[in-house]
Asks: 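Take a look at the following structure, please.
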There are 2 protein chains.
Amino acid sequence: MQMDERKRKILRAIVLDYIATAEPIGSRTIARKFDLGVSPATIRNEMADLEDLGLIEQPYTSAGRIPSDAGYRYFVDCLMDPQELSEEQKKTIERESTKQIHEIQEVISHTSKLLSELTSLTSIVLGPHKGKSTFGKMHFLPYQPGQVIMVIVKENGVVENHIVDVGENLTVEELQHVAGVFNQKMRGYSPGQVKRSLLHDIYSELSRQRILIDNTMDMLRTILDDHDGDERIYLGGTLNMLNQPEFKDLDKVKTLFKVFEENGSLKKLLHPLHEGLNVTIGGENMLKEFRDCSLISASYKVNGITIGAVGVLGPTRMDYGKVIAIVDCMTRSLTGVLTGRRL
Amino acid sequence: MQMDERKRKILRAIVLDYIATAEPIGSRTIARKFDLGVSPATIRNEMADLEDLGLIEQPYTSAGRIPSDAGYRYFVDCLMDPQELSEEQKKTIERESTKQIHEIQEVISHTSKLLSELTSLTSIVLGPHKGKSTFGKMHFLPYQPGQVIMVIVKENGVVENHIVDVGENLTVEELQHVAGVFNQKMRGYSPGQVKRSLLHDIYSELSRQRILIDNTMDMLRTILDDHDGDERIYLGGTLNMLNQPEFKDLDKVKTLFKVFEENGSLKKLLHPLHEGLNVTIGGENMLKEFRDCSLISASYKVNGITIGAVGVLGPTRMDYGKVIAIVDCMTRSLTGVLTGRRL
DNA sequence: TGTTAGCACTCATCAAGTGAGAGTGCTAAC
DNA sequence: GTTAGCACTCTCACTTGATGAGTGCTAACA
């Protein structure tokens with residue numbers, strides 16, 4: 001059995017109506033709402049075929065039909081008219097995106113908020129990963145008696161500072177000497193890679209400042225080995241999920257929000273995606289908790305290099321056309337805002 | 001009508017049983033479960049009195065009774081036996097509190113997590129406010145061509161760093177000169193307080209570095225005027241609320257979580273509290289969304305000065321004795337961990 | 001041969017009704 | 001002052017029946 005034009009029209013009608021109403025749709029309703037020029041009986045026959053093809057299903061005997069995952073997939077791939085955002089919406093995105101250009105974190109979190117507001121769904125944004133977290137350069141600055149500020153510049157350009165206990169008061173020259181040795185020996189390494197010999201070198205060159213060295217190495221370990229610090233997950237509009245009729249069941253809400261809470265799995269969800277825009281429908285999803293959800297995601301770039309991703313999560317019954325258009329526009333805008341900017 | 005010993009016993013029984021079962025409790029059940037030595041009928045008479053006193057109420061005619069807000073209040077103030085944590089629990093708190101002593105943020109967020117786990121309720125922790133965010137000292141460090149790292153030490157000891165565009169390449173000496181002027185003129189001021197005259201001084205002393213000055217002042221404004229940066233709210237175990245029978249209604253969950261999302265109101269909730277431990281029951285609460293909730297909160301100190309607060313939020317029907325003991329122990333432990341430490 | 005009308009059948013949903021159970025207030029006896 | 005007894009109330013869970021939407025099948029139709 002093959003899909004013909006009429007089957008396609010009927011499937012399209014079912015998907016569109018179900019997206020709009022969240023109610024199973026019957027042959028009669030299709031005939032009434034969509035002008036296909038055939039009677040409900042004919043539509044019934046076609047629907048039986050569509051069910052055999054696995055594109056639609058019945059929640060229970062003698063209810064209307066709803067699209068299956070495969071049905072949504074067919075719809076997204078073949079039936080959907082590509083949707084354009086209105087000029088007004090585009091302008092909103094442009095305006096909002098360029099509003100907070102101060103810190104990159106603000107840009108990202110603002111993006112997340114905007115996405116969830118525009119779609120009335122949940123947005124998941126994977127913050128920029130910033131290249132390898134290896135040692136670049138170090139400075140010491142005076143702080144309090146017995147303590148100094150250690151400023152670390154990582155090789156990817158990220159700057160962090162921490163307070164380090166010195167042990168006893170050291171002179172500016174001594175501090176500069178210590179920093180100099182670190183800078184000379186450690187560039188490009190992570191503490192895990194620092195070989196015994198190297199550490200030995202540092203110790204032997206700097207005998208008196210043992211406490212400082214130990215504390216500094218401790219600090220470096222926590223700073224540089226902390227891979228979670230980069231790539232933060234930003235969630236927006238999680239509450240929107242509660243408005244979806246598919247989540248009027250408390251247990252579903254619980255399992256869903258549990259996933260939101262531990263964002264490790266969310267990272268996995270967004271990570272392995274291909275370049276450009278992806279649509280993941282229902283069971284195609286890696287997380288079983290998201291079996292009833294679809295994810296529209298896309299990667300964003302800085303200076304041509306993919307460094308993060310944004311996604312919109314909603315029930316499988318979502319307005320794919322609209323959401324895809326919004327996500328697409330958003331990543332373009334984000335890429336535009338970020339390009340030419342130092343992270 | 002006065003409270004006598006028997007009335008107290010009955011009220012206590014009602015509160016305890018309702019806390020445990022979440023079901024209205026009748027005279028017969030009280031007589032059976034609690035050994036008061038009187039018959040259900042007598043208890044009924046006493047319950048009628050307690051209802052007249054406003055301490056208990058009936059959800060509907062001929063259901064059992066449940067405590068009113070006033071009933072809980074009486075229970076907490078007069079009837080509750082002060083509860084001690086088991087040695088094991090105390091040890092857990094001690095051990096967990098001292099585990100993450102690295103960053104103060106980690107200590108706080110860990111506290112929040114621990115609190116919600118121990119109570120199976122929602123924890124709200126108000127992070128430390130760090131005194132006045134006024135200018136303390138500034139350093140410049142080399143970064144990229146045309147950019148420098150500006151390190152700001154605020155008067156409260158907080159250190160932050162930001163990248164500043166220099167305009168053109170300046171020498172280390174020039175940078176030090178700029179920093180020196182800032183350090184001399186601005187200590188103790190917030191940018192809002194910087195008078196025109198002072199700014200004029202800085203400009204006139206540093207003619208060539210106009211771009212650097214402008215960018216630096218911009219940065220300072222955002223860094224020092226950002227009051228929200230301090231006093232972050234940490235939430236833990238929000239999902240625990242979903243396990244409470246009083247929140248099996250989705251609409252309640254929605255309004256509750258809406259409050260969690262915008263943490264401005266949460267700050268208000270914790271802020272105006274007195275020193276030491278507070279119990280806020282049901283309608284006593286400032287937020288109408290929390291009318292069905294009680295909040296056990298306490299402030300914590302560093303070196304004798306109150307700098308933040310922790311709270312546990314649950315349904316009015318919560319185990320006050322246990323939660324109070326936990327919150328109390330927790331703030332003590334937190335105070336202990338933080339005391340002697342620089343923020 | 002594809003399309004349509006008719007019809008019997010299925011199933012969820014809703015409203016009304018019913019009985020059990022828990023609890024109360026009142027009264028009268030102890 | 002306390003208690004037993006009793007009529008009464010109200011919720012809850014369950015049943016029942018009507019309704020309506022929708023289906024699949026069959027036979028007639030173009």
Asks: Write down the atom of Leu53(B), the atom of Lys7(B), and the distance for their closest heavy-atom approach.
Replies: CD1-CD, 4.5 Å
Asks: For Asp17(A) and dG22(D), give me the distance from atom CG to atom C1', rounded to whole Å.
Replies: 14 Å
Asks: So, for Leu121(A) and Asn240(A), which heavy atoms are closest and what is the spacing to 0.1 Å?
Replies: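 That would be O-ND2, 3.0 Å.
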Asks: Starting at CG of Asp49(A) and ending at P of dG2(C), how long is that distance when rounded to a whole Å?
Replies: 11 Å
Asks: Might you work through the salt bridge (charged side-chain N to carboxylate O under 4.0 Å, His left out) test for Glu5(A) and Arg8(A), ending with a clear yes or no?
Replies: CA-CA 5 Å; Glu5(A) 192 49 34; Arg8(A) 266 193 281 274; 3.4 Å; yes
Asks: Starting at atom OH of Tyr18(A), determine the distance to atom P of dG22(D), rounded to an integer number of angstrom.
Replies: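 In whole Å, dG22(D) P and Tyr18(A) OH are 14 Å from each other.
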Asks: Excluding sequence neighbours, so at least two apart, what forms ring pair (Phe, Tyr, Trp, His ring centres under 6.0 Å) with Tyr74(B)?
Replies: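 By the ring pair (Phe, Tyr, Trp, His ring centres under 6.0 Å) rule, Tyr74(B) matches no residue at all.
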Asks: Using Watson-Crick and G-U wobble pairs with both distances under 3.5 Å, what is the 5'-to-3' dot-bracket string of DNA chain C, with [ ] for crossing pairs and | for pairs outside the strand?
Replies: ||||||||||||||||||||||||||||||
Asks: Ignoring hydrogens, what is the shortest heavy-atom contact between Ile93(B) and Cys329(B)? Give both atom names and the distance.
Replies: CD1-SG, 3.6 Å
Asks: Reading nucleotides 7-30 of chain C from the 5' end, what letters show protein touch, with B for base, S for backbone sugar-phosphate only, - for no heavy atom under 4.0 Å?
Replies: ---BSS----------BBB-----
Asks: With sequence neighbours left out, what residues match Glu51(A) under side chain to side chain donor-acceptor pair (under 3.5 Å)?
Replies: Arg65(A)
Asks: Measure the distance from CG on Asp4(A) to C1' on dT3(C) and round it to the nearest whole Å.
Replies: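 It is 14 Å, rounded to the nearest whole Å.
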Asks: Holding to side chain to side chain contact (heavy atoms under 4.5 Å, CB included), I want the full list of residues that pass it with Thr238(B), two or more places apart in sequence or in another chain.
Replies: Glu261(A), Thr122(B), Leu235(B), Phe257(B), Phe260(B)
Asks: Can you list every side-chain hydrogen bond (donor to acceptor under 3.5 Å, both in side chains) pair that touches residues 314-329 of chain B, not counting sequence neighbours?
Replies: Gln244(B)-Arg317(B), Glu246(B)-Arg317(B), Ser294(B)-Tyr320(B), Asp328(B)-Arg332(B)
